[in-house]
Amino acid sequence: MSTKEKYWLKVWNDKHVFEPDPVAGKKKMFVTVPFPYMNAPVHVGTAFTAARVEFYARFRRLQGYNVLFPYAWHWTGKTIVGMSQRLKQGDQAVRRAFIEMDGVPEKEVEKFVDPEYLASYYTKVSRQVIRDTGFSIDWRREFRTIDPAFRKFVEWQYLRLRELGYVVQGTHPVVWCPFDKSPTGDHDRMEGEGVSPEEFNLIKFHLGEFALVTATLRPETIYGATNIWVNPDAEYCEARVDGELWVVSSSALTKLVEQKHDAVPVRSFRGSELVGRYAMAPLTGKSLPILPGKFVDDSLATGVVYSVPAHAPYDLMALRDIQEGRVQAGRQVKEIADKIAAIPILTLTGYSAFPASDVIKKMGIKDSLDPRLEAATAEVYSAEFHRGVLTSGSGPLAGLTVSEAKKKAVELLTKTERFGKMYELPERVVCRCGTRCYVKILENQWFLNYSNPAWKAKAKLVIERAAVFPEEARQWFYSTIEWLNDWPCSRRSGMGTKLPWDKEWIVETLSDSTIYMAFYSLSKFVNLEKIGPDNLTPEVLDYVFFGKGNPANVSKAVKMTEKRLKELHTEFLYWFPVDLRNSAKELIPNHLTFFAFHHAALFPEKQWPRGFGINGMIQIEGKKMSKTKGNFVTWRAALEKYGPDGFRLALALTADGMDDADWRDRAAEDAKGKIEAVIPFVKKSLKSASNREESQLDSWLVSSVHRRIITVTEAMEEMKIRRASATTFLDTWNDIRYYIHRTKTPRRQTLVDVFSAWVRMMSPFVPFMAEDLNHELGGKGLVCQADWPSPKDFPLDEEAELGEAIVSKVIDDARNVLKVVKGPRSKLNVYVCSDAARTYFVELATAKMKKENVGQVVKKFSALKIQPDRVFKLTFEIGEDMLHKLVSHKSFDEFRSLADASEFMSKELGIKVIVQKAGSKGIRDPANKAKDALPTKPAFLLE
RNA sequence: GCGGGGGUCGCCCAGCCUGGUCAACGGCGCGAGGCUUAGGACCUCGUCCCUUAGGGGUUCGUGGGUUCGAAUCCCACCCCCCGCACCA
């Protein structure tokens, strides 16, 4: 931080310029960005998203809006608690990340075993860096999501949502970590990403008085079953399950209990004990032998499977292993196995009656341990599922497709009462805490009823009524609303607010963050100690947010003055609705859509959010940022390297729309350099200025500033930050540079006017430098409180634009000629067209545009001997804009423009340029070229 | 698989909605020159190919189509990125 930057921060702070209160009658603008989660310091990604709102806020302030940009900190959830926990357990990776990536001092890390300390530390450093970057935030309103007052707000919100029927109870299978006593989401896993519970079919074979319970995903293959596999080395048991006697693997039993079965073990034994016995299949009534199969995973489902060698590559190979002696088996087992032949049950075009055998042969698989069996299984399964048709071997299933047969088989099995279901994870899942997960049926969990069609329709209306920047994101919202199902909004662990009616549950962290923007109107009063959490009863909040109830009674009940209560209500009404909520696109499928749903549920239409801003995600030097890759860039690191203005401008120039922003050191360095060059450039320019008369060039600069202001204003209003900042820092600057370069002596007043607009356009992006520059230019007050420049103060001058465009065009054309033509030359004669030629051009072009008879015009000007085709071609070349100016500005004097620029052109081209006008007396035209000149296209003679 | 966004002249990127001003903005890199005590600063010019008069040729993922005319509109295809949920 330089002393100048500190100075401006202090000035803004002392003058409370970013601490808005309601001002009756003054138009307001309430802009927000999702609060960051405090398990790490804020990083360049956070900065990118927040900066877009910051630029917008400062821009709207100059436009005269009363702008509120508040900020808060997200602490609720289980990630912070989880990290703290892992640190406590001595996890070195977590510790290293704290120290190396986040830059936390070692002695602070020691204290991170307390999750609240961890969060408070990151909040402290993050707040400081955001302040140092000069964000125009009203810090009086900040809060943390575990603050008592905020909890009251969440409690109130859920009470009301429940009353409206949006919170419902449900029972669902989840991936469960028994250590955390919590469902384990995808990102919370060390192993098994993307794995979700699948429903296995349980088919019970008769084994005396017991049911030998096999598990399968393909019940339609029951008619092709030849035998049963158990793992001879695993532990199995007899158990009493839901009143029946079952034989399953021992590990299956705990899962059955978690899945709400009444399961009690009776006796356990090794799997080998079952080998050689026979069990009878339901439906087919066949008695099938039980064989040893080491490939059977006893921890998967029931640990018992039946074998369909015709269609399951694993089964086929395991059988052949025994038959061909690759696996040691008793004589009796071998004899049984030798007698087994695969039973085909379906036809599949492109395969024989034994698809499993085909694929194994094709892939050259030699035994049951070959890992390619996985792929072989997938191929057979997929082909059969899509194209297989069951044959007569399948009895009642004959003629059905696989998916039809599945349903039918389940139906038939259910009738035999030899059928059941259990959930299982098809692959191993391990929680980040290191514990193996399984499926649990979680009962009576609370859900947000996002599947409710009426609620969906309302949420859709929210999006429909709002502005979405960029427009492309809108469709994504609609798809998300369609796709969203009931969302579990309650959890057992982590930080958060308890459900007021069921204290066993904590409100899930995405679910407590949907309408919290409304709380910013209250948090100011909480922080200023005007009210306390005890004041925030549901009745008070009903009045504050809904205007419900009698303020006199409501306030009395909580010992608050009626005036204060009304003030809270007024403050809320003033700021609400949210005018802009901006976030990265990854939040569309969750947070932003939840935000829309909850506003739709609780607030009337006029308080629905008015604008959504979406941006891409940050990349570092072209790669996704991640701690594991080691390319994590904290906000602090970037700020210190490039300074607040450099950092801000670099962010502004990175990307627009939903494009991912690529953070590159090189670009940031460049941005920093640009900013440092502005003030010296301005000073130097003013130094060379004089008080001369206004020329065409001055009008041109003023006119182009007119257009730049419009571009930047429109871009800012649509959150096209990159375009706005690029127009300000690159295009506008280039215009000024061209002006300086083109004129020998800049006109002081022109420069002063232009710089005054320029500094205001720059100020949202680089407020520190802008204040300095404003001061330098003698501006009164603070530029962050100035008025946004108006194009009206910079009149458009199309003739000046036309004149300068022609000068540039002539220089370009002349350069081309000079490049191509070799040989000696000392001067370039430029013959501007005669007035007659100009009239001819205009009349001909007009006739053509109006589709009138061009022949008459041609005839009228036949003396000029200019082919009409030349004119038509030229009208195309110069384009609509120039043509329009040429036709509509009759008084425009091309000769004057070019003659005045002859000195400039000479300098640019490095050759003496002499401008003459065709048709005027006494011109020197030895090659008789002047007659060929047309508007914007003077004739040349090189001598 | 489902949903969303994309593929532009060495690299990054604008243009596409509202077809012609598009060989196509801007930045980076590279080349030449200028300025300067010096410069990785700044300023000019150049940077698809050809061209002794402002011209021509071939380009905007691929292949078709519509049109006097397409980077821009339509169809098909190929490729890349992102999201897909008990979690921030």
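Just so it is clear, the values below take in all heavy atoms, side chains as well, and ignore hydrogens, waters and symmetry mates. Each chain gets a letter, A, B and so on, in the order its sequence line appears, and its residues count up from 1.
Judged by a 6.0 Å distance limit and a 45° cone about the ring axis, A:Arg491 is not positioned over the six-membered ring of A:Trp505. Remark: A:Arg581 is positioned above the aromatic ring of A:Phe595, its terminal NZ or CZ atom under 6.0 angstrom from the ring centre and at most 45 degrees off the axis.
Ring-centre distance between A:Trp733 and A:Tyr739: not below the 6.0 Å cut-off.
For A:Asp735 and B:rG26, the CG to C1' distance is 13 Å, given to the nearest whole Å. When the C1' atom of B:rG20 is taken as reference, atom CG of A:Asp881 falls 14 Å away, rounded to whole Å. Put simply, CD1 on A:Ile740 is 20 Å from P on B:rC35, counting in whole angstrom units. Regarding A:Trp483, its CH2 atom lies at a distance of 9 Å from the C1' atom of B:rG3, rounded to whole Å. As rounded to whole Å, 10 Å separates atom C1' of B:rU52 from atom CZ of A:Arg825. Put simply, OH on A:Tyr423 is 15 Å from P on B:rC86, counting in whole angstrom units. Regarding A:Asp512, its CG atom lies at a distance of 14 Å from the P atom of B:rC87, rounded to whole Å.
Sorted by first and then second residue, the salt bridge (Lys or Arg N to Asp or Glu O under 4.0 Å) pairs involving residues 473-485 of chain A (not counting sequence neighbours) are A:Glu471-A:Arg474.
For B:rC87, one of the phosphate oxygens OP1 or OP2 lies less than 4.0 angstrom from a side-chain nitrogen or oxygen of A:Ser182. Close to B:rG83, at under 4.0 Å from its OP1 or OP2, lies a side-chain N or O of A:Lys624.
For A:Thr745, the side-chain hydrogen bond (donor to acceptor under 3.5 Å, both in side chains) partners are A:Arg692, not counting sequence neighbours. Partners of A:Lys929 according to the side-chain contact (heavy atoms from CB on, under 4.5 Å) rule, which considers only residues two or more places apart in sequence or in another chain, are A:Tyr831, A:Asp925, A:Ala927, A:Ala939, A:Leu941. Contacts of A:Val887 classified as side-chain contact (heavy atoms from CB on, under 4.5 Å), with partners at least two apart in sequence or in another chain: A:Val842, A:Thr846, A:Met849, A:Leu883. Applying the side-chain contact (heavy atoms from CB on, under 4.5 Å) rule to A:Pro868 yields the partners A:Tyr840, A:Leu844, A:Val858, A:Phe872; only residues at least two apart in sequence or on another chain are considered. For A:His74, the side-chain contact (heavy atoms from CB on, under 4.5 Å) partners at least two apart in sequence or on another chain are A:Phe35, A:Tyr37, A:Thr76, A:Thr145, A:Thr509, A:Asp512, A:Ser513.
Against RNA chain B, the stretch residues 668-684 of chain A makes no heavy-atom approach under 4.0 Å. Residues from residues 932-943 of chain A that place a heavy atom under 4.0 Å from any atom of RNA chain B, listed by number: A:Lys937, A:Pro938, A:Ala939, A:Phe940, A:Leu941, A:Leu942.
No engagement by A:Glu471 is indicated, since no non-hydrogen atom pair under 4.0 Å with the nucleic acid exists. Within 4.0 Å (heavy atoms only), A:Asp731 reaches no atom of the nucleic acid at all. A:His172 comes within 4.0 angstrom of a nucleotide base, judged by non-hydrogen atoms across all strands. Across all strands shown, A:Leu730 has heavy atoms under 4.0 Å from sugar-phosphate atoms exclusively, and none from any base.
Under 3.5 Å, the side chains of A:Glu508 and A:Trp487 contain a donor-acceptor pair of N or O atoms. Checking A:Asn615 against A:Thr49 by side-chain atom types alone, a donor-acceptor pair falls below 3.5 Å. Judged by distance alone, the side chains of A:Lys78 and A:Ser182 do bring a donor and an acceptor atom under 3.5 Å apart. Side-chain polar atoms of A:Trp75 and A:Thr123 form a donor-acceptor pair below 3.5 angstrom. In this model, no donor atom of one side chain and acceptor atom of the other lie less than 3.5 Å apart for A:Tyr423 and A:Glu198. No side-chain N or O of A:Glu801 forms a donor-acceptor pair with one of A:His889 less than 3.5 Å apart.
Considering only the side chain of A:Asn734, B:rG26 comes nearest among B:rC87, B:rG54, B:rG26.
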What string of B, S and - do you get for nucleotides 5-15 of chain B, 5' to 3', when a contact is any protein heavy atom under 4.0 Å?
SS------SSS
Reading 5' to 3' through nucleotides 43-50 of chain B, protein heavy-atom contacts under 4.0 Å coded B for base, S for sugar-phosphate only, - for none:
S-S-----
Quick one, give me the B/S/- string for nucleotides 56-61 of chain B, reading 5' to 3', where B means a protein heavy atom under 4.0 Å from the base and S means that only happens at the primed atoms, P, OP1 or OP2.
------
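No donor-acceptor pair under 3.5 Å is formed between the side chain of A:Gln619 and the backbone N or O of A:Trp663.
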Could you list all N or O pairs between the protein and nucleotides 29-32 of chain B that sit under 3.5 Å apart?
residue, atom, partner, partner atom, Å
B:rG29, OP1, A:Arg666, NH2, 2.4

